Amino acid sequence: MSIDNPDNKWIGKRTPRPDGMDKVTGRAAYAADTTMPGMIWGKILRSPHPHARIRSINTDKAAALPGVKAVMTSKDLVDFPIDKSVMLGIQDMRWMCRNVMARDKALFAGHPVAAVAATSQQIAAQALKLIEVDYEVLPWVIDVDAAMAPGAPILHGHIQFEGKPSNIAGKIEHKLGDVEAGFAAADVIVERSFKTEPVHQGYIEPHACLVSVAPDGKATIWSSSQGQFMVRAMCAYLTGTAQSDIRAIPAEIGGGFGGKTIVYLEPVALVLARKSGRPVKMTMTREEVFRASGPTSGSSSTVKIGATRDGKIVAAKGIYHLQAGAFPGSPIRGAAGCAFSPYDIPNVHAVGFDVVSNRSKVAAYRAPGAPIGAYAAECVLDELAQALKMDPLQLRLKNAAKQGTKAAYGPTFPVIGYEETLKAALAHPHYMAPLAPNQGRGVASGFWFNAGGESSAQVNVNEDGTVVVITGHPDIGGSRASTANITAELLGIDHSKIQVLIGDTSSIGFSNLTGGSRVTYASAMVVTKSTEQVITTLRQRAAKIWKIDPEAVTWDNGQARPAGDNAGKFEPLSLAQLAARASETGGPIGAGVSLNTTGAEGGFATHICDVEVDRATGKVAVTRFTCIQDVGRAIHPDYVEGQMQGGVAQGIGWALNEEYIYDKHGRVDNPSFLDYRMPVASDLPMLDTVIIEVPNPKHPQGVRGVGEVPLVPSLAAVANALHGAVGHRFDSLPMSPPKVLAVLEPAEA
């Protein structure tokens, strides 16, 4: 479906990215680039044990070391009682305070137990060695199944499941129809169990921050995060500081993918800065990122799907156990809610279990939980198609969700474009291309909820007719470019005359963090309303100059014009002309809008993947990949395609190579990009994209979220392709060379 719209001048066009020059020249300022006079360095002491009771911490020797200006432990953070939740968005401050700094027990190897600030990094590192921690080492558990087994070490004594102490910290359940009756009516049933390992988001920029506290107690935080308002609020909660005393400034961000939606360093640096009276800078090493920040969950799941002989799916059941890490909060909502949502199935039962274990607390990762859910469901669907002797895309098309379909997680779908993605896949040359020996082709589909939420924008017209737009969302996926396109389109001026800035917590209204595929959707709504108010003001100013009623003035192609001959014969006034006369017609021209945006609708994607297997080594190479996605409306097609390609690349890594490996001591054994095997450009083919546009009727530009859906189907697409190549179905990820070779060698013996 074409994305070219001749009626639009800027929306849907591949305009130069506003941040492009700064990024490629190195002028863009990241958190680690920030410095201040008198700045000192903070470092964190981390537990070497995956599970240990902290009997005592003695920091006297570290504090006495020349050059050390401050030392802290958990006693310097707010102690939220364990028996009552304190929610901030989706995060519970009970767990956040204990994740930032261990309180009674160290719960994973890498868990912070103390911190220092010193005049140099070398002195800070030396001071850490002087801190004396008395540990009582406890039994530990890493694997999700082992954590649920009878007799497993219990992480939190207060957590109970079914009346007994347990590592199962929570449960979510979705039901639709009568699943047992549905299976009774099925002619073919496939049930399989699957395992996935924890994987990291893999952002290139490590966590970093600089915090300064003025003599009056006012704090300023520069940090790499996906939400400056989140940073302000969490730091306020965790340190007992009034939010009004904190200004959080977003730096450029070198990737996040959900991993920077919580804080690690900022509250620690805030306490150290307050204690020392000096600005404190902290950066994580890559090893610290791997050991102590949040990957996504590992999982253990079972999926069962039944269909009649003609291919109609009548029942589906999924049970998902997801690792939360040391504290509750795994993305079971995404796994249980998204797995079956692409399909119109009358009987569904999906259950998710939140399981704690002795590894770092999970953080969001691009459609949190949904890729895990889709991996199991889409692999079972592929096997079901084989049993029914149906084309796998035709099976999906026969059962595709459409307008009016009731999803098991709650809503009835409005206008959606899932069927269109399937039809495009069936018609794509990739799907009909021949395969060579040792090659296989797989398909899979996926869904993500998408989101709206709180957003703010300010649109100001400069005296020279240029325009400044300020929003409250860190730009991770191209929101500045989309904002510029939308504003230029509405105002009817050249794209180059729009400057887009990201405001800090003191310069723009509250905006929720960048995540959930919400930013272009939500920011476009507040930017549109702000720009429409500016246009109203421009019409009023022209009316004042012409001495006619504002209702007799229209705005067209960047100019105020009389609505008709009856309004009078006046030469059009351009935005630049009106801006130049602003002071004489009423003063500055600008408008701001804050909204809790609603109406976001789910997104769907279908993927086609080809792989080739080296039978001598077990290495799997992806040779061709096509991602087809309903994006609603592509405001900036380059960025939309980039999001699609990026999600696919991450999914390929998750499927084939990426995993956390733990040693016999319960520590991460591959905490570097050398040993944690992420795909790079040379590992991948050109990732092809097909943009489908089925506009969201609840959005002024028809936008749906884009950024998370492309990761969801990719794991299963690779797995199904590998089955096609070797004739074996893999039920665990990653499908690394040793696993593949173990399957090939017996067959070829």
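A quick note: this is a predicted structure, and the numbers were derived from the prediction, not measured. One-based numbering along the sequence shown.
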**Student:** As a test of understanding, state which of Glu708, Gln629, Arg366 forms a side chain to side chain donor-acceptor pair (under 3.5 Å) with Gln643.
**Tutor:**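 For Gln643, the side chain to side chain donor-acceptor pair (under 3.5 Å) test succeeds with only one of Glu708, Gln629, Arg366, which is Arg366.
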
**Student:** If you apply the rule salt bridge (Lys or Arg N to Asp or Glu O under 4.0 Å), what do you find for Arg98 with Asp79, and how did you get there?
**Tutor:** CA-CA 8 Å; Arg98 289 165 172 81; Asp79 183 5; 3.3 Å; yes

**Student:** Verify the ring-centre separation between Tyr203 and Phe257: is it less than 6.0 angstrom?
**Tutor:**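 Distance test on ring centres: not under 6.0 Å, no.
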
**Student:** Would you confirm whether the ring centroid of Phe604 sits within less than 6.0 angstrom of the ring centroid of Phe413?
**Tutor:** yes

**Student:** Is it true that the side chains of Glu658 and Tyr676 contain a donor and an acceptor less than 3.5 Å apart?
**Tutor:** yes

**Student:** Tell me, with the steps shown, if Glu205 and Lys260 meet salt bridge (Lys or Arg N to Asp or Glu O under 4.0 Å).
**Tutor:** CA-CA 11 Å; Glu205 178 203 21; Lys260 293 177 181 175; 3.1 Å; yes

**Student:** Taking atom CD1 of Ile372 and atom OG of Ser330, what is their separation to the nearest 0.5 Å?
**Tutor:** 8.5 Å

**Student:** Could you label the plane-to-plane angle of the Phe353 and His321 rings as parallel, tilted or perpendicular, counting under 30° as parallel and over 60° as perpendicular?
**Tutor:** parallel

**Student:** Using 30° and 60° as the class limits, which term best fits the ring planes of His156 and Trp95: parallel, tilted or perpendicular?
**Tutor:** tilted

**Student:** For His51 and Lys105, does a side-chain donor sit closer than 3.5 Å to a side-chain acceptor?
**Tutor:**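 Yes - a donor-acceptor pair under 3.5 Å links their side chains.
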
**Student:** Would Phe290 and His200 count as a close aromatic pair, with their ring centres under 6.0 Å?
**Tutor:** yes

**Student:** Mind running side-chain hydrogen bond (donor to acceptor under 3.5 Å, both in side chains) on Glu173 and His349 for me, showing each step along the way?
**Tutor:** CA-CA 7 Å; Glu173 194 166 11; His349 186 196; 2.6 Å; yes

**Student:** Quick check: Phe194 with Tyr320 (ring centres under 6.0 Å apart)?
**Tutor:**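 Centroid separation for Tyr320 and Phe194: 6.0 Å or greater.
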
**Student:** Run the salt-bridge test on Lys195 and Asp145 with the 4.0 Å N-O cut-off and return the result as yes or no.
**Tutor:** yes

**Student:** Establish, for the pair Arg333 and Phe449, whether the NZ or CZ atom is under 6.0 angstrom from the six-membered ring centre and no further than 45 degrees off its axis.
**Tutor:** yes

**Student:** Should Asp382 and Arg729 count as an ion pair when the cut-off is N to O under 4.0 Å?
**Tutor:**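 Yes, charged N to carboxylate O under 4.0 Å.
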
**Student:** Have Gln226 and Thr261 got a donor and an acceptor in their side chains that come within less than 3.5 Å?
**Tutor:**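 Not at all, the side chains of Gln226 and Thr261 share no donor-acceptor pair under 3.5 Å.
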
**Student:** Begin from the C-alpha positions of Arg677 and Asp683 and carry the test salt bridge (Lys or Arg N to Asp or Glu O under 4.0 Å) through to its verdict.
**Tutor:** CA-CA 11 Å; Arg677 184 70 172 89; Asp683 296 315; 3.0 Å; yes

**Student:** So, Tyr365 versus Trp654, ring centres under 6.0 angstrom or not?
**Tutor:** yes

**Student:** Let's go through Arg359 and Gln323 carefully: what are the C-alpha distance in whole Å and the side-chain angles of both, what is the deciding distance for side-chain hydrogen bond (donor to acceptor under 3.5 Å, both in side chains) to 0.1 Å, and is it a yes or a no?
**Tutor:** CA-CA 9 Å; Arg359 40 156 288 191; Gln323 290 172 318; 2.7 Å; yes

**Student:** Going by an N to O cut-off under 4.0 Å, is there a salt bridge joining Lys317 and Glu191?
**Tutor:** no

**Student:** On the six-membered ring of Phe183, is Lys304 placed so that its NZ or CZ lies under 6.0 angstrom from the centre and within 45° of the ring axis?
**Tutor:**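 Cation-pi check for Lys304 and Phe183: passes.
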
**Student:** State whether Phe161 and Lys171 meet the cation-pi test: NZ (Lys) or CZ (Arg) under 6.0 Å from the six-membered ring centroid, and within 45° of the perpendicular axis.
**Tutor:** no

